[in-house]
Amino acid sequence: MPATNITARYGSVAKTFHWLTALGILAVIPLGIIANDLPYDTAEQLADKAWLFSLHKTVGVTLFFVALARILWALSQPKPAPLHPDRGVETLLAEIVHWLLYGSLVLVPLSGWVHHAATEGFAPIWWPFGQNLPLVPESLTLSETAAGLHIVFERVLIVSLILHIAGAVKHAVIDKDDTLARMLPGRRVAVTPTLHTQRKVLPPMLAVVVWAAAIGVGSVLGVYHKGTAIAAEAPALQQVESDWAVTDGTLGITVQQMGSGVSGRFTEWTAAITFDETVSTGVAGSVNVEIAITSLTLGSVTQQAMGPDYFASAEFPTARFTADLVATETGYIAEGTLTMRGVEQPVSLPFDLTLEDDTARVQGKTELDRRRFDIGAGMTDEGQLGFAVSVMIDLMAVRGGETAN
């Protein structure tokens, strides 16, 4: 069979692209639905869910490149003429559906890929080229918007696919013509091309109208704010009296999930600080930090992190770090205890201090073993969830404040 198209039939390359795409769609959509519906209450369930999502994403990215190659090939080839050009409305609808299919085959995986790249963690794409995309920053807002668009474009793809299949069945069963046969592998169809003036502008314009309408419906339904889990409301923390008031700062953590670092930060916390910079060796002050656990954002795994197997935020909504600030010959260390999930463990946090008049900057980092706090006890495979959790602080404080956050 010739590789290229003619006005009477499709070539072998176009047929191969067509059926590869069909197989990809029939695989990727059910994978996404099944993975999305799977529970993740236990470590085993979470691992199964992540594996299926990774497979879904990998097939989706593959389908994206297959679709691009198919479109480029189609642009270089003549399109076989419709068998019934006299049926103006039917032919126009068929052309619109074809444009919707081609466009959706790019938009669906691309929006899913942007959603994946804009957030961190959970179900990597199985390939060696990294998980990010150029010009796509890590952003919860962008991730949610892309996830919503992914849903909308997927619905357009499904509806277009149903219409496409229905049209093929109609041609085969009712019209009894060769429309379907000329796309089947190995079939030789003798067709006398009928003069047909292609509409080069109207079908794609109407397809764009359909996508715009679908995006509008998605906005009305609020799907652009459901792409990622929204953290539960953080518990109200009482204001604290402090000799030093934190004016700006970050309290962040980084975990390793399936070999990739996932970073997040707590947005609600208070700190009562005393400190005497004239002390050169020994205890120079103290700190008492209360952290709202549900204020943590941790990429796409935020909701899972709040679950009973991990932070158990419903039962333990806050954590507390109480420590002495110890001056040493080489710097400072916060020596104290961290209470989390009802478990108390000793923690040392080395930090650097830059002091100018009544303004201080503190930067420090330490590493905790999540198992010491019974976090993710069922996740015994460090390749799935690392044991070590990096904790980082970077804050600015001024002397004489009454509250700190």
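Since this is a predicted model, take the numbers as computed values, not measurements. Counting begins at 1 with the first residue of the sequence.
A pairwise comparison of heavy atoms in Y102 and A74 identifies OH-CB, 4.0 Å as the closest pair. In terms of heavy atoms, A360 sits closest to L353 at CB-CD1, 3.8 Å. Closest approach of W99 and A207 over heavy atoms only: CB-CB, 3.8 Å. Heavy atoms only, all atoms of each residue included: I333 and S348 are closest at CG2-CB, 4.2 Å. When every heavy atom of A312 is checked against every heavy atom of P308, the shortest pair comes out as CB-O, 3.9 Å. The shortest non-hydrogen separation linking I253 to F311 is CD1-CZ, 4.4 Å.
With sequence neighbours excluded, the residues that form a ring-ring contact (aromatic ring centres under 6.0 Å, His included) with F53 are F122. When the side chain to side chain contact (heavy atoms under 4.5 Å, CB included) test is applied to L107, the partners found at least two apart in sequence or on another chain are F153, W211.
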| message | Could you go through T294 and S313, starting from their C-alpha distance and side-chain angles, then the distance that decides it, and tell me whether this counts as side chain to side chain donor-acceptor pair (under 3.5 Å)? | response | CA-CA 6 Å; T294 51; S313 61; 5.9 Å; no
| query | Do L395 and D248 pass the side chain to side chain contact (heavy atoms under 4.5 Å, CB included) test, and can you show the C-alpha distance, the side-chain angles, and the key distance before you say yes or no? | reply | CA-CA 6 Å; L395 58 87; D248 186 26; over 6 Å; no
| said: Please evaluate residues L55 and W51 with respect to the criterion side chain to side chain contact (heavy atoms under 4.5 Å, CB included), reporting the C-alpha separation (whole Å), side-chain torsions for both, the decisive distance (0.1 Å), and the verdict. | reply: CA-CA 6 Å; L55 181 59; W51 189 89; 3.9 Å; yes
| task | May I have the step-by-step check of side chain to side chain donor-acceptor pair (under 3.5 Å) for T322 and T337, ending in yes or no? | result | CA-CA 6 Å; T322 304; T337 59; 5.2 Å; no
| field | Pair V220-V217, side chain to side chain contact (heavy atoms under 4.5 Å, CB included): steps then yes or no | value | CA-CA 5 Å; V220 172; V217 172; 5.6 Å; no
| task | Determine, step by step, whether Y224 and I215 satisfy the side chain to side chain contact (heavy atoms under 4.5 Å, CB included) criterion, reporting the C-alpha distance in whole Å, the side-chain angles of both residues, the deciding distance to 0.1 Å, and the verdict. | result | CA-CA 10 Å; Y224 307 120; I215 292 171; 3.3 Å; yes
| message | Does H84 form a side chain to side chain donor-acceptor pair (under 3.5 Å) with E90? I'd like the steps, not just the answer. | response | CA-CA 9 Å; H84 307 286; E90 180 180 311; 5.9 Å; no
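A 4.5 Å side-chain heavy-atom check between V362 and D394 finds every atom pair outside the cut-off. Between V398 and D358, the closest side-chain pair of non-hydrogen atoms is not below 4.5 Å. Between V289 and V287, some side-chain heavy-atom pair lies under the 4.5 Å cut-off. Looking at V301 and V262, their side chains come closer than 4.5 Å, going by heavy atoms from C-beta outward. Residues V114 and L142 are in side-chain contact: their nearest non-hydrogen atoms beyond the backbone lie under 4.5 Å apart. Counting only heavy atoms from C-beta outward, the side chains of V246 and M396 never approach each other to under 4.5 Å. Using a 4.5 Å heavy-atom threshold, the side chains of F17 and L72 count as separate. Residues I273 and N288 have side chains not in contact (no heavy-atom distance under 4.5 Å, counting atoms from C-beta outward).
Taking a cutoff of 4.0 Å between a charged side-chain nitrogen and a carboxylate oxygen, E344 and R372 do not qualify as a salt bridge. In summary, D178 and R9 do not engage in a salt bridge, as defined by a charged side-chain N under 4.0 Å from a carboxylate O. Between K170 and D175, at least one side-chain nitrogen of the basic residue sits less than 4.0 Å from a carboxylate oxygen of the acidic one, meeting the salt-bridge criterion.
Between the side chain of T91 and the backbone N or O of G88, no donor-acceptor pair lies under 3.5 Å. No donor-acceptor distance shorter than 3.5 angstrom exists from the side chain of S242 to the backbone of A272, with no hydrogens or angles considered. Looking at S295, its side chain does come within 3.5 Å of a backbone N or O of A292 through a donor-acceptor pair. Distance alone, capped at 3.5 Å, is enough to place a donor-acceptor pair between the T58 side chain and the W126 backbone. The backbone N or O of S111 lies less than 3.5 Å from no partner atom in the side chain of H150, so there is not a single donor-acceptor pair. Side-chain atoms of S54 come within 3.5 Å of backbone atoms of P124 as a donor-acceptor pair (strictly under, hydrogens ignored). The backbone N or O of V326 sits nowhere less than 3.5 Å from a side-chain atom of D324 that would complete a donor-acceptor pair. Formation of a donor-acceptor pair under 3.5 Å by the K365 side chain with backbone atoms of S390 is not found in this model. Side-chain N or O atoms of H98 include one that pairs as donor or acceptor with a backbone N or O of A94 at under 3.5 Å. In this structure, R370 contributes its side chain and L385 its backbone to a donor-acceptor pair below 3.5 Å.
No more than 12 heavy-atom neighbours from other residues, nucleotides or ligands sit within 6.0 angstrom of CG on L135. Under a cut-off of 6.0 angstrom, the local environment of CG in D357 is sparse, with at most 12 non-hydrogen atoms contributed by other residues, nucleotides or ligands.
Ring-plane geometry between Y332 and F275 is classed as perpendicular, the angle between the planes exceeding 60 degrees on a 0 to 90 degree scale with a lower cut at 30.
The CE atom of M379 sits 7.0 Å away from atom CD of Q257, with the distance rounded to the nearest 0.5 Å. Expressed to the nearest 0.5 Å, how far CG of L368 lies from CZ of F387 amounts to 15.0 Å. For the atom pair CG of L75 and CD1 of I71, the computed distance is 7.5 Å after rounding to the nearest 0.5 Å. Distance CD1/I33 to CD/E154: 6.0 Å, rounded to 0.5 Å. With values rounded to the nearest 0.5 angstrom, L52 atom CG is found 9.0 Å from K49 atom NZ. To the nearest 0.5 Å, atoms CG (L63) and NE2 (H56) are separated by 10.0 Å.
With hydrogens and angles left out, the side-chain atoms of D177 and T179 include a donor and acceptor closer than 3.5 Å.
Only one option out of L100, L161, I25, L68 pairs with L105 in a side-chain contact (heavy atoms from CB on, under 4.5 Å); it is I25.
A cation-pi arrangement is absent between R341 and F373, since the terminal nitrogen or guanidinium carbon is not both under 6.0 Å from the aromatic centre and inside a 45° cone about the axis.
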